[in-house]
Amino acid sequence: MARLVMLGNGALTVGLNENGLVHDFYYPYVGLENLTNARSAHHMIGIWVNGKFTWVDDGSWQTVVDFENDALISRITMKNEQLGIKLVLNDFVDSEYNVFSRVIQVENAYDDAREIRVFLHQVFQISHAGRADTALFVPEENYILDYKGRVSLLIYGETEGKPFDQYAVGSYGIEGKEGTFKDAEDGELSGSAVEHGGVDSVMRFKLKMPSRATSTVDYWIVASDSQQSAEKIHNLFKESTNNVRREKTRQNWHSWLSLSENKRSKVPDEFKIMVSKSLLVLRSHIDKRGGVIASADSSIYNYGRDYYSYVWPRDGAYVIWPLIRLGYCEEPKKFFEFCRDIMNPDGYLMHKYQPDKAIGSTWHPLIHNKRKELAIQEDETAIVIYMLGEYLEYSNDQEFVQSLYSTFIQPAANFMSAFIDSETGLPHASYDLWEEKFLTSTYTVSVVFQALMTAAQFADMFEYPDDAVLWREVANKIKNNSSILFNPKMEIYRKGYLLMQDGSLNFDDTLDVSSLYGVLMYGLNNGIEQIQKTILKIENVLLDKSPSGGCPRYENDNYFASSPAYMGNPWFVTTLWLAQFYVRSGQKEKAKHYLDWANDHKLYSGVLSEQVNPNDGSIVSVTPLIWSHAEFINTVLDYSKT
């Protein structure tokens with residue numbers, strides 16, 4: 001399932017699924033510790049009326065999940081025609097405190113007065129193994145506390161100023177027990193007050209509702225490091241009300257978006273909402289300590305080995321690019337500082353990292369062809385240097401960039417200038433940007449070339465002439481030796497090559513969109529003719545070759561391949577890269593066509609996936625993928641300048 005809405009404040013992040021239910025709950029880092037049982041369980045909402053009980057995800061409800069155009073506040077409607085019940089939910093993560101709040105309007109659509117009972121269920125897995133958590137009812141303050149170690153979750157709800165009238169705490173998913181949520185299905189809760197191990201809990205709200213009346217349930221979960229600190233925040237909320245906190249949070253998002261309002265005013269009207277929503281999606285994945293998470297959608301863990309909830313330096317750099325272009329400074333600066341702190345002492349960045357700056361998982365070995373090799377993707381180091389240049393150009397914040405010279409720029413550029421094969425004068429092999437092949441890829445060579453040129457400009461600016469001479473000299477050699485990256489017979493830029501131990505080159509002539517994008521974006525091309533020939537091959541082989549349209553990453557891409565597979569699933573990133581090429585080459589109508597394609601393949605709430613099914617255009621892989629949103633914004637900004 002996708003996450004149609006992501007809510008967050010840089011420490012607490014909540015993902016809502018296609019039924020509007022809480023499915024991901026990350027705290028205290030964005031994307032690190034998911035405190036829900038993300039493989040299967042989600043928090044549920046139940047309704048009892050006239051002796052009939054239903055969960056809102058049982059198929060009898062019509063649900064629309066969305067969020068506001070200019071704030072990370074959900075807009076969810078749930079209707080059950082048979083029961084004559086309508087629910088309207090506004091959810092938000094408070095901008096000041098680590099609190100997830102839910103305002104539920106319950107509408108009695110019948111002409112008769114009725115008693116309607118609302119059940120709110122929550123299931124957390126604070127401990128890694130789903131054991132040793134404790135949930136208990138706290139009678140003095142009428143709340144449920146779920147805790148383990150340094151994580152305390154205070155759960156509370158009220159209607160008309162009165163707290164929930166019944167509760168139940170029990171076991172979930174252990175010892176043959178399905179969960180305490182089953183206790184709600186007769187309309188009554190047992191009042192069981194404590195349990196430990198795998199736990200869940202339910203609270204009930206009894207609403208006496210006149211004909212065609214509406215009542216409100218206010219609900220919140222406070223995340224903190226102790227029961228005492230959670231209680232302090234809880235008491236503030238009781239004094240303030242959810243509506244006040246929601247408005248304050250809404251104004252906070254309005255203020256953040258206003259920083260880019262002037263530049264966004266130039267965006268065509270048809271893309272304005274999608275751009276603002278994309279910005280909000282980006283921001284929901286950025287940790288306040290600088291980490292930029294690729295996707296907080298945990299659903300991939302149901303059919304994959306791992307999440308996307310890591311900081312890939314490359315993804316992070318591409319995500320902050322539209323923020324830089326729109327005038328944001330705080331998030332890019334924290335990301336650059338994050339990269340400084342995680343850099344290897346030898347001057348390179350690893351595959352990926354956790355948002356707490358620990359090293360992430362990898363599938364890249366330290367040996368290749370019986371030779372010791374670095375398990376890196378060199379483009380990830382290079383792109384951060386390049387993006388620092390973009391930051392300086394747009395912000396003119398020379399003081400900040402200079403503060404990173406000796407701690408990040410210099411070691412990174414020295415590494416790149418030394419990580420060169422003498423036989424070719426080009427960068428030594430590393431893993432490609434798609435994390436699959438070990439080779440000297442055209443894309444990586446392109447980014448390294450431009451990163452060294454950018455670093456040399458920094459060296460000139462900050463008066464390090466020896467550095468400038470060295471880095472520019474290596475960059476020029478890369479440029480001069482780059483002709484082997486073009487295959488004149490196939491008339492394409494190659495994916496790359498691998499330098500063999502006997503000195504020969506094993507070429508990989510796979511047609512890959514990233515090769516074109518690399519030489520185009522980072523200035524490595526040796527003439528427009530080679531670019532034009534490569535784009536012609538991409539158009540003939542890859543672009544719009546499936547019913548859904550769009551473009552896969554490269555020919556015969558098998559990642560989540562559909563059946564029939566065509567050449568691979570279309571990706572938003574690569575399709576939008578081609579749109580950026582069309583903007584640059586003056587083909588405005590073609591660029592607009594693929595912007596429309598991306599806009600047409602978003603989900604109702606505006607989120608973009610990583611890929612789409614080539615047969616029917618449905619989402620594939622994590623949703624949202626923030627790199628997709630970043631490229632959408634970048635393409636719109638490019639298009640708006642034409």
Side-chain angles (χ1 to χ4, degrees), residues 1 4-5 14 16-23 36 40-66 74-91 100-123 142-144 155-170 172 178-192 200-221 242:
M1 298 181 79
L4 271 72
V5 176
V14 177
L16 307 181
N17 66 20
E18 291 160 325
N19 293 307
L21 302 175
V22 173
H23 211 131
T36 59
S40 58
H42 52 255
H43 300 202
M44 298 191 291
I45 299 174
I47 298 294
W48 180 98
V49 59
N50 294 338
K52 296 180 180 180
F53 183 89
T54 175
W55 297 108
V56 299
D57 61 342
D58 68 0
S60 65
W61 291 76
Q62 296 176 320
T63 301
V64 177
V65 182
D66 198 359
S74 77
R75 296 188 301 195
I76 302 170
T77 60
M78 303 174 178
K79 294 181 181 180
N80 189 307
E81 299 292 346
Q82 292 180 333
L83 295 179
I85 301 293
K86 178 181 177 181
L87 307 179
V88 178
L89 284 66
N90 293 136
D91 309 311
F100 167 69
S101 291
R102 174 159 262 178
V103 180
I104 306 174
Q105 288 187 340
V106 184
E107 179 183 329
N108 175 17
Y110 276 17
D111 292 329
D112 301 328
R114 296 188 292 172
E115 179 181 292
I116 298 174
R117 302 175 188 176
V118 179
F119 293 84
L120 298 182
H121 164 254
Q122 42 279 325
V123 51
N142 285 296
Y143 64 76
I144 292 172
I155 307 154
Y156 176 79
E158 64 182 29
T159 181
E160 297 181 355
K162 297 179 180 179
F164 52 93
D165 74 319
Q166 286 189 0
Y167 63 89
V169 175
Y172 177 88
E178 191 172 354
T180 311
F181 66 91
K182 298 294 290 184
D183 188 23
E185 294 178 354
D186 62 356
E188 302 286 340
L189 295 176
S190 65
S192 53
D200 66 341
S201 59
V202 191
M203 54 181 60
R204 186 185 82 170
F205 305 84
K206 184 186 291 186
L207 309 176
K208 301 286 188 179
M209 300 190 63
S211 165
R212 304 288 176 177
T214 300
S215 293
T216 300
V217 174
D218 289 308
Y219 168 85
W220 58 77
I221 302 173
N242 255 1

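- Put simply, the side chain of Met203 reaches to within 4.5 Å of the side chain of Gln122, judged on heavy atoms.
- Using a distance-only test at 3.5 Å, with no hydrogens or angles considered, no donor-acceptor pair links the side chain of Gln105 to the main chain of Val88.
- Side-chain contact annotation: His42 with Asp57, donor-acceptor N/O pair under 3.5 Å present.
- Looking at heavy atoms from C-beta onward, Gln62 lies in side-chain contact with Glu81 at the 4.5 angstrom threshold.
- Under the 3.5 Å distance criterion, with hydrogens and angles disregarded, a donor-acceptor pair is assigned to the side chains of Glu185 and Trp55.
- Listed by chain and number, the residues in a ring pair (Phe, Tyr, Trp, His ring centres under 6.0 Å) with Trp61 amount to none (sequence neighbours excluded).
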Between Asn80 and Thr54, is a side chain to side chain contact (heavy atoms under 4.5 Å, CB included) present by the stated rule, with each step listed? CA-CA 10 Å; Asn80 189 307; Thr54 175; 4.2 Å; yes

For Ile221 and Val22, run side chain to side chain contact (heavy atoms under 4.5 Å, CB included): C-alpha distance rounded to whole Å, both residues' side-chain angles, the deciding distance at 0.1 Å, then the answer. CA-CA 12 Å; Ile221 302 173; Val22 173; over 6 Å; no

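- Proximity of the aromatic rings of Tyr219 and Phe205 is defined here by a centroid distance below 6.0 angstrom, and this criterion is not met.
- Of the inter-residue distances, the one linking Asn242 atom CG with Ile104 atom CD1 reads 10.0 Å to the nearest 0.5 angstrom.
- Between Met209 and Glu107, the closest side-chain pair of non-hydrogen atoms is not below 4.5 Å.
- With values rounded to the nearest 0.5 angstrom, Thr216 atom OG1 is found 8.5 Å from Glu160 atom CD.
- The distance between the ring centers of Tyr156 and Trp220 falls below 6.0 angstrom.
- Between Asp165 and Arg204 the shortest side-chain heavy-atom distance falls below 4.5 Å.
- Within the 3.5 Å criterion, the main-chain N or O of Thr180 finds a donor-acceptor partner in the side chain of Asp200.
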What's the verdict on side chain to side chain contact (heavy atoms under 4.5 Å, CB included) for Val56 and Asn19, showing C-alpha distance, side-chain angles and the deciding distance? CA-CA 8 Å; Val56 299; Asn19 293 307; 5.6 Å; no

Apply side chain to side chain contact (heavy atoms under 4.5 Å, CB included) to Arg75 and Asn90, showing your working. CA-CA 5 Å; Arg75 296 188 301 195; Asn90 293 136; 4.2 Å; yes

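- Partner of Leu207 under the side chain to side chain contact (heavy atoms under 4.5 Å, CB included) criterion, chosen from Thr214, Val49, Val106: Val106.
- Around NZ of Lys79, the count of heavy atoms belonging to other residues, nucleotides or ligands within 6.0 Å does not exceed 12.
- Side-chain atoms of Ile45 and His121, non-hydrogen and from C-beta on, never get closer than 4.5 Å to each other.
- Side-chain N or O atoms of Asn50 include none that pairs as donor or acceptor with a backbone N or O of Lys52 at under 3.5 Å.
- The two residues Ile144 and Val202 make their nearest non-hydrogen contact at CD1-O, 4.2 Å.
- No side-chain heavy atom of Leu21 sits under 4.5 Å from any side-chain heavy atom of Leu16.
- Thr36 places a side-chain N or O within donor-acceptor distance of the main-chain N or O of His23, the cut-off being under 3.5 Å.
- A donor-acceptor pair is defined here as one N or O able to donate and one able to accept, closer than 3.5 Å; no such pair exists between the side chain of Ser201 and the backbone of Val169.
- For Glu115, the CD atom sits in a packed shell: over 12 heavy atoms of surrounding residues, nucleotides or ligands are nearer than 6.0 Å.
- Remark: the backbone N or O of Ile76 is not paired with any side-chain donor or acceptor of Ser74 at under 3.5 angstrom.
- Distance OH/Tyr143 to CZ/Phe164: 10.5 Å, rounded to 0.5 Å.
- Two residues are said to be in side-chain contact when any heavy atoms from C-beta on lie closer than 4.5 Å; Phe100 and Asp91 meet this criterion.
- Arg102 places no side-chain N or O within donor-acceptor distance of the main-chain N or O of Leu89, the cut-off being under 3.5 Å.
- Judged purely by atom type and a 3.5 angstrom limit, Asn108 uses its side chain to pair as donor or acceptor with the backbone of Pro210.
- Contact annotation: the side chain of Ile85 approaches that of Ile116 to within less than 4.5 Å [non-hydrogen atoms, C-beta and beyond].
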